[in-house]
Protein chains: 2
Amino acid sequence: MPKIEDVAAKAGVSVTTVSRVLNNRGYISQATRDKVAQAMKELNYQPNEMARSLFRKKSNMIGLIIPTVSHPFFSELVYHLEYYADQKGYKVLLCNSNRDISKERKYIDMLKKNQVDAIVMGSNVQDVKHYLNLNLPIISFDRTVANNIPIVTSDNYTGGRLASRLLVDKGCRKLAHISGGVGGPNHAALLASKRFQGFRDELPDTGIEHVSLELEIAGLGDKRNVDELVRFFQEHPDADGVFATSDVLAALVIQACHQLKKTIPQEMKIIGYDDVGIASLVWPRLTSIRQPIREMSECAVELIVKLLQGEEVSMINSFPVTLIQRDTT
Amino acid sequence: MPKIEDVAAKAGVSVTTVSRVLNNRGYISQATRDKVAQAMKELNYQPNEMARSLFRKKSNMIGLIIPTVSHPFFSELVYHLEYYADQKGYKVLLCNSNRDISKERKYIDMLKKNQVDAIVMGSNVQDVKHYLNLNLPIISFDRTVANNIPIVTSDNYTGGRLASRLLVDKGCRKLAHISGGVGGPNHAALLASKRFQGFRDELPDTGIEHVSLELEIAGLGDKRNVDELVRFFQEHPDADGVFATSDVLAALVIQACHQLKKTIPQEMKIIGYDDVGIASLVWPRLTSIRQPIREMSECAVELIVKLLQGEEVSMINSFPVTLIQRDTT
DNA sequence: CCCTTGGTGTCAACCGGTTGACACATCATT
DNA sequence: AATGATGTGTCAACCGGTTGACACCAAGGG
């Protein structure tokens, strides 16, 4: 690994001069600029960003903690986040917490030790204290943490309302609400619970009944998930509409329906959430509430950039959701 | 951010002593060990890993370049890779190249500048030269790069054979091979082409004909993908078996079949590849050739650890594939 | 009483860069 | 001839740690 010293030697200039061309400071003639560029090329020199970061006290890295990239919602999130981060000159350190609080905490410590400039939290947030004394920007994705931590989310409440509104309009008489996270239960901090709230708030005047099931998701392909759904629908044979809090869950519901020989959408209408890739890969194609993941990711990166520039940002950044009608309703 | 100096001051010892307890070197009494620990706790001190890395010339970071995490195969890969990397004390810098060669090259340079200890390439590898002078370990995932770069892969050839064998055994008379990458065409370096080879090599004695389609994948949800498949099957109405080179493609094939009112598996048998989550989320559940992504990821991390310890590793690390029979065949 | 082991401190160099202060040119203007 | 902009070099300090050399002292054993 050549160092700046080697470049200086090869170019026949001083280290300071090389540093000057590297950072575009002070006066440098075109001639030496070329000499230095030439030397760098010949040596295949890459400045050591660690050394630079150390001095600048800025690593241009952001840490991303999520439950698991293997869930399509998060994989799309990570994709876009990395894209925009790269655009702004940031690198992404990825952490899968599996919703394990202790692992989460370890990751936070690790990220801090490694001098990331900011953290994006897309995972649980049970012990708020741990997040507050971190003197680095944190932003939270779809979870409330504390009121001094900016959050980017989408309009979960309206999402829930849209979903039940649609099911009601399509003539459903008894609705089921299926929730369940990836590797752990939902809880109040998870804004997704607002979906349930919205879902229920749309029902009172209609006199339509609803039942609810919280699945402990075992792993995407695990057959137990479907089995549990089948059992649930056998207990509630009159349910004719389902709101699932993710497309993955909705896909499982479709499986259960096929197994129970319920026709979709005639005997059972299903609506998912997120509108990730699989929503249009299952059959029938899933009606879903779309979260604008791309825009949300872009917003997250912009928030970070602004925070790092010391600018004020709004604490709540909520994006509208849209109902995407396909074939399951 | 407290520094080691602050800890030393608070504990009433020298910086050297703090460093000694931090690194477990030399003689330290339990008493000072405790004092230092106490001081660290009170200050919430975290040693600056950048400074340490700079000195040690080891960052404990590995760079991961893939086409896109949003593809389920890669999202599962990334998940497991990060898991095992973390186990071994490594952090993962994620890069989505979108199969854009120039972006790939930029990422490689970036990773080098940032002193990653190793790179895992799961993306394209058009210009081999660029990879050779990098004086850091590279390992390649399912792609051949150069013969001095270790590769972890699975037995694509057998995978192809298993697939066509099954279709033949199930009585198919005309097979279709559907390939197509994420955001770019396949090419020879991509070992997946061996799947096609295996697929064909199983056919000669059977006298079974096959046709082939290479999809330019537009984006998972894009309806054009299905349209093109529908057109293809209309051109080949007698095709009754499909081998798709990924489960995502297979899911699209299922869609096309539903659209064409072809029953699965009666009129059309379908087999996918990878056996990722969606294989069991679509209906009918997809028969697929399973790649052991977890084991492969573990192997990748182990290779890196060994290479960094200067150990010899085998250049080709191929894993067996398994046929997972479900409902589409 | 000497020697060893344990325990701690001081000091300086190092990792690979960046930066400010300052000196000293050269060259074009006024 | 004096002035100022341009261009480059030297030097030292700094970012936040690590490490080796060495000195010093106490306690315990032979």
Side-chain angles (χ1 to χ4, degrees), chain A residues 1-40 43-61 109-117 135-136, chain B residues 1-40 43-61 109-117 135-136:
Chain A
M1 281 274 152
K3 36 162 97 179
I4 200 171
E5 216 176 289
D6 305 322
V7 177
K10 168 143 282 182
V13 296
S14 72
V15 169
T16 304
T17 300
V18 177
S19 176
R20 283 202 262 251
V21 345
L22 234 41
N23 299 287
N24 270 313
R25 294 166 11 90
Y27 298 115
I28 327 116
S29 69
Q30 192 54 48
T32 53
R33 218 182 269 279
D34 294 343
K35 271 194 301 184
V36 171
Q38 180 61 26
M40 295 202 296
L43 291 171
N44 191 20
Y45 172 76
Q46 312 267 48
N48 183 327
E49 286 298 330
M50 266 197 160
R52 300 178 116 184
S53 297
L54 183 59
F55 185 87
R56 298 195 211 285
K57 292 164 168 293
K58 182 148 195 295
S59 63
N60 285 301
M61 291 198 306
D109 288 346
M110 181 276 275
L111 292 172
K112 225 186 139 185
K113 282 202 279 235
N114 283 276
Q115 312 299 118
V116 297
D117 292 336
N135 41 6
L136 58 83
Chain B
M1 283 274 148
K3 37 162 94 179
I4 201 172
E5 214 176 290
D6 305 322
V7 177
K10 168 144 282 182
V13 297
S14 72
V15 169
T16 303
T17 300
V18 178
S19 176
R20 284 203 261 249
V21 346
L22 234 42
N23 299 287
N24 270 313
R25 296 165 16 87
Y27 298 116
I28 327 117
S29 68
Q30 192 55 48
T32 53
R33 220 182 268 277
D34 293 344
K35 272 194 300 183
V36 170
Q38 181 61 26
M40 295 201 297
L43 292 171
N44 191 21
Y45 171 76
Q46 312 267 48
N48 184 328
E49 285 298 328
M50 265 197 161
R52 300 179 116 184
S53 298
L54 183 58
F55 185 86
R56 299 196 208 284
K57 291 164 170 293
K58 181 145 195 294
S59 63
N60 285 301
M61 291 198 306
D109 288 345
M110 181 276 275
L111 292 172
K112 225 187 139 186
K113 282 201 280 236
N114 283 276
Q115 312 298 118
V116 296
D117 293 336
N135 40 6
L136 58 83

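Chain letters run A, B, ... following the sequence lines, proteins first, then strands; residues in each count from 1.
Rounded to an integer number of Å, the gap from A/Leu22 CG to C/dG17 C1' is 9 Å. Summarising the geometry, the separation between NZ on A/Lys112 and P on D/dG17 is reported as 12 Å, rounded to the nearest angstrom. Atom pair B/Glu49:CD and C/dC15:C1' shows a separation of 15 Å (rounding to whole Å applied). What separates CE of A/Met50 from P of D/dG17 is a distance of 13 Å, to the nearest Å. In this structure, the CD1 atom of A/Ile28 is 14 Å from the C1' atom of C/dT18, given to the nearest Å. Between A/Arg33 atom CZ and D/dT8 atom C1' the separation is 13 Å, expressed in whole Å. For the pair A/Lys35 NZ and D/dG7 P, the computed distance is 13 Å after rounding to whole Å. Between the CG atom of A/Leu54 and the C1' atom of D/dT18 there is a distance of 13 Å, given to the nearest Å.
Among the heavy atoms of the strands lying under 4.0 Å from B/Thr17 are primed sugar atoms or P, OP1, OP2 only; no base atom is included. Within the nucleic acid shown, B/Ser53 has no heavy atom closer than 4.0 Å to any nucleic acid atom.
Partner of B/Leu43 under the side-chain contact (heavy atoms from CB on, under 4.5 Å) criterion, chosen from B/Gln38, B/Lys10, B/Lys3: B/Lys10.
The structure places CZ of B/Arg56 at 15.0 Å from CD of B/Gln115, a figure rounded to the nearest 0.5 Å.
Minimum heavy-atom separation, B/Glu49 to B/Arg52: OE2-NH1, 3.1 Å. Smallest separation of non-hydrogen atoms from A/Ala8 and A/Val18: CA-CG2, 3.6 Å. Contact record, B/Pro47 with B/Leu22: CB-CD2, 4.2 Å, taken as the closest heavy-atom pair.
Look at B/Ser29 and you won't find any side-chain N or O under 4.0 angstrom from OP1 or OP2 of C/dG6. Contact annotation: B/Tyr45 side-chain N/O to D/dG17 OP1/OP2 distance is under 4.0 Å. The side chain of B/Lys57 contributes an N or O atom lying less than 4.0 Å from OP1 or OP2 of C/dG16. Side-chain nitrogen and oxygen atoms of B/Arg52 include at least one within less than 4.0 Å of the OP1 or OP2 phosphate oxygen of D/dT18.
The residue among A/Tyr27 and A/Ser14 whose nearest nucleotide of DNA chain D lies closer to the 5′ end is A/Tyr27.
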Give every pair of a protein N or O atom and an N or O atom of nucleotides 19-23 of chain D that lie under 3.5 Å apart, one pair per line with the distance.
residue : atom : partner : partner atom : Å
D/dG20  : OP2  : B/Arg25 : NH1          : 3.3
D/dG20  : OP2  : B/Arg25 : NH2          : 3.4

